[in-house]
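Residue numbers start from 1 in every chain, and the chains themselves are labelled A, B, ... in the order their sequence lines are given, proteins ahead of strands. Just the heavy atoms: all of them, side chains too, but no hydrogens, waters or symmetry mates, feed the values below.
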2 protein chains.
Amino acid sequence: MTSVLLIEDDPLVRRSLELALGRYGYTMITAATGENGLSRFTEEAPDIVVLDLMLPGIDGFEVCRRLRLDSQAPIIMLTARTDDLDVVGGLEAGADDYVVKPVQPAVLDARIRAVLRRAVSDLDGVRSHGSLRIDTESLTVTLGGAPVPMTPTELRLLLTLSRSPGRVFSRQQLLEEVWGHGYLGDSRLVDNGIMRLRAKIEDDPAHPEYVQTVRGFGYRFGPV
Amino acid sequence: MTSVLLIEDDPLVRRSLELALGRYGYTMITAATGENGLSRFTEEAPDIVVLDLMLPGIDGFEVCRRLRLDSQAPIIMLTARTDDLDVVGGLEAGADDYVVKPVQPAVLDARIRAVLRRAVSDLDGVRSHGSLRIDTESLTVTLGGAPVPMTPTELRLLLTLSRSPGRVFSRQQLLEEVWGHGYLGDSRLVDNGIMRLRAKIEDDPAHPEYVQTVRGFGYRFGPV
DNA sequence: GTTCTTTGCGACAGGATTGTGACACCGACG
DNA sequence: CGTCGGTGTCACAATCCTGTCGCAAAGAAC
């Protein structure tokens with residue numbers, strides 16, 4: 001049984017989502033404020049959090065950030081506007097997905113399943129993105145079923161990037177995490193590593209599908 | 001119905017995991033101290049033990065060791081940090097898996113299933129991979145029907161690797177699990193052990209079928 | 001369009017990692 | 001006491017990887 005913590009201040013929305021998701025078989029825990037949500041979270045250890053952006057007191061972004069401080073639990077943001085900034089901010093704050101209000105329960109259910117599936121497949125040590133499959137236990141990478149031989153650095157790079165799909169890593173961060181030592185000058189080293197990685201997993205390295213360049217900042221794994 | 005003995009001193013964590021795992025359909029037995037845990041274990045004979053590392057009185061390692069004295073029940077360690085030392089120590093003490101706190105119930109559920117699955121597959125005592133056959137009860141190895149004489153170290157190495165086919169073991173892990181003592185310098189020892197093992201079970205040691213090298217990381221048993 | 005910055009990519013030499021043989025040590029056993 | 005199988009250590013070569021340089025290409029700024 002999957003438990004969902006719903007943090008939403010509007011009593012009407014809260015109640016209706018509680019009932020609807022309950023009908024989908026989720027165990028519902030609700031909170032009307034960010035503070036209450038955070039404390040319910042530590043008490044109940046839910047499997048997933050559905051979080052409204054607009055909250056009295058500490059807002060959704062902040063709640064998201066605090067949850068992320070000591071938990072990897074999946075978070076789905078509820079946002080009222082179609083404002084892209086909210087979405088970006090939400091994902092930046094550590095949300096795994098977002099849904100625009102008003103939301104149909106069936107949509108939310110689908111998103112919850114999708115996010116949980118992703119989280120669980122991470123547990124089994126397998127990360128799938130398109131036709132790329134990364135097994136973190138056997139340290140094997142397959143592309144459309146065909147195994148891709150990887151060198152240690154390429155593999156560490158891919159593992160690091162794919163651990164947080166969508167997140168932008170600066171060259172400095174990648175140097176720290178993949179190469180380990182505090183390199184000073186040569187961030188071209190990272191570019192080179194990325195290139196070698198792309199050569200192996202990208203069909204068309206000029207238009208990479210998995211490892212994106214974020215000019216001026218660094219690199220990012222996965223779509224948008 | 002699967003019964004889980006949860007040994008955890010923090011009342012909040014204990015209670016929340018008890019509720020959450022209960023929702024997953026496990027019968028929960030809880031204990032707040034190592035002593036209590038040990039006695040509950042003999043009383044209730046749970047299918048699996050989830051054990052916090054930090055306990056007042058006798059700590060998790062010690063509890064683990066005592067459980068192992070007269071039981072093969074799977075043990076999952078809860079450890080607060082990503083501290084590798086804890087992990088190694090835990091596995092050394094006989095734990096089957098470890099999970100880092102704070103833990104999502106879904107994660108713990110997945111681990112419990114995985115460990116139980118493994119435990120069941122260990123029961124039959126025979127592991128077959130291609131023409132290689134490992135009998136974990138009589139401790140005999142046959143290759144295409146012909147018995148292969150193994151030295152103790154080679155056998156421990158093969159048993160350790162084949163217990164988790166596909167998983168990559170670092171040299172350090174193999175030193176801990178196979179050689180047991182905390183060797184400092186020579187990881188070439190592992191390479192040598194692998195070589196000797198390969199010489200016995202591989203047709204063409206230059207292109208091994210069973211024991212693969214994962215450059216930069218370690219070794220792995222079984223097909224890619 | 002021009003210029004400047006940033007990134008992609010090939011090449012290469014030095015270096016790290018691993019496979020393998022040789023050898024000494026050690027305990028078991030006769 | 002001598003032998004012998006098993007094991008830990010060392011040395012060395014082969015192989016594969018990696019860091020760096022240089023230049024081309026692409027993108028951003030103006």
[X] [atom1] - [N] [atom2] separation (whole Å):
X	N	atom1	atom2	result
A/F217	C/dT7	CZ	C1'	15 Å
A/R198	C/dC9	CZ	C1'	11 Å
A/D191	D/dA24	CG	P	18 Å
A/N192	D/dC21	CG	C1'	10 Å
A/R220	C/dT7	CZ	P	14 Å
A/L155	D/dC17	CG	C1'	14 Å
A/L197	D/dC17	CG	C1'	15 Å
A/H207	D/dA25	NE2	C1'	13 Å

Under-4.0 Å side-chain N/O to phosphate OP1/OP2 contact, [X] with [N]:
X	N	value
B/T213	C/dG19	yes
A/Y219	C/dT6	no
A/W179	D/dT18	no
A/T151	D/dT18	yes
B/T153	D/dG6	no

Find every protein N or O atom lying less than 3.5 Å from an N or O atom of nucleotides 26-29 of chain D, and list the pairs.
{"from": "D/dG27", "atom 1": "O4'", "to": "A/R215", "atom 2": "NH1", "distance (Å)": "3.4"}

Please confirm whether the backbone N or O of [Y] pairs with a side-chain atom of [X], one donor and one acceptor, at under 3.5 Å?
X	Y	value
B/S3	B/D47	yes
A/R127	A/I134	no
B/S164	B/R167	no

Exercise for review: Any salt bridge (Lys or Arg N to Asp or Glu O under 4.0 Å) involving residues 193-204 of chain A? Give me the pairs, sequence neighbours left out, ordered by first then second residue.
Suggested key: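 Qualifying pairs: A/E154-A/K200.
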Side-chain touch [X]/[Y], heavy atoms, less than 4.5 angstrom:
X	Y	value
A/L53	A/L78	no
B/L197	B/V211	yes
B/Y219	B/V190	yes
B/F221	B/L159	no

Check your understanding: Is the shortest side-chain N to carboxylate O distance from A/E35 to A/R66 below 4.0 Å?
Key -> no
Review point. What does A/G193 touch in the nucleic acid at a heavy-atom separation under 4.0 angstrom: a base, only the sugar-phosphate, or nothing?
Key: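 Touches nothing.
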Check your understanding: So, does the side chain of A/R196 form a donor-acceptor pair with the base of C/dG8 at under 3.5 Å?
Key ->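 No, the side chain and the base share no sub-3.5 Å donor-acceptor pair.
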Revision key, fill the gap. Among the nucleotides D/dC12, C/dC9, D/dG19, whichever has the atom closest to the side chain of A/M195 is C/dC9
Practice item. For the side chain of B/R188, starting at C-beta, report the closest nucleotide among C/dT7, D/dC12, D/dG8. Key: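 The nucleotide sitting nearest to the side chain is D/dC12.
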Check your understanding: Within a radius of less than 6.0 Å around CZ of B/R133, do more than 12 heavy atoms belonging to other residues, nucleotides or ligands occur?
Key -> no
Pairs under 3.5 angstrom, nitrogen or oxygen only, protein versus nucleotides 26-28 of chain C, please.
none

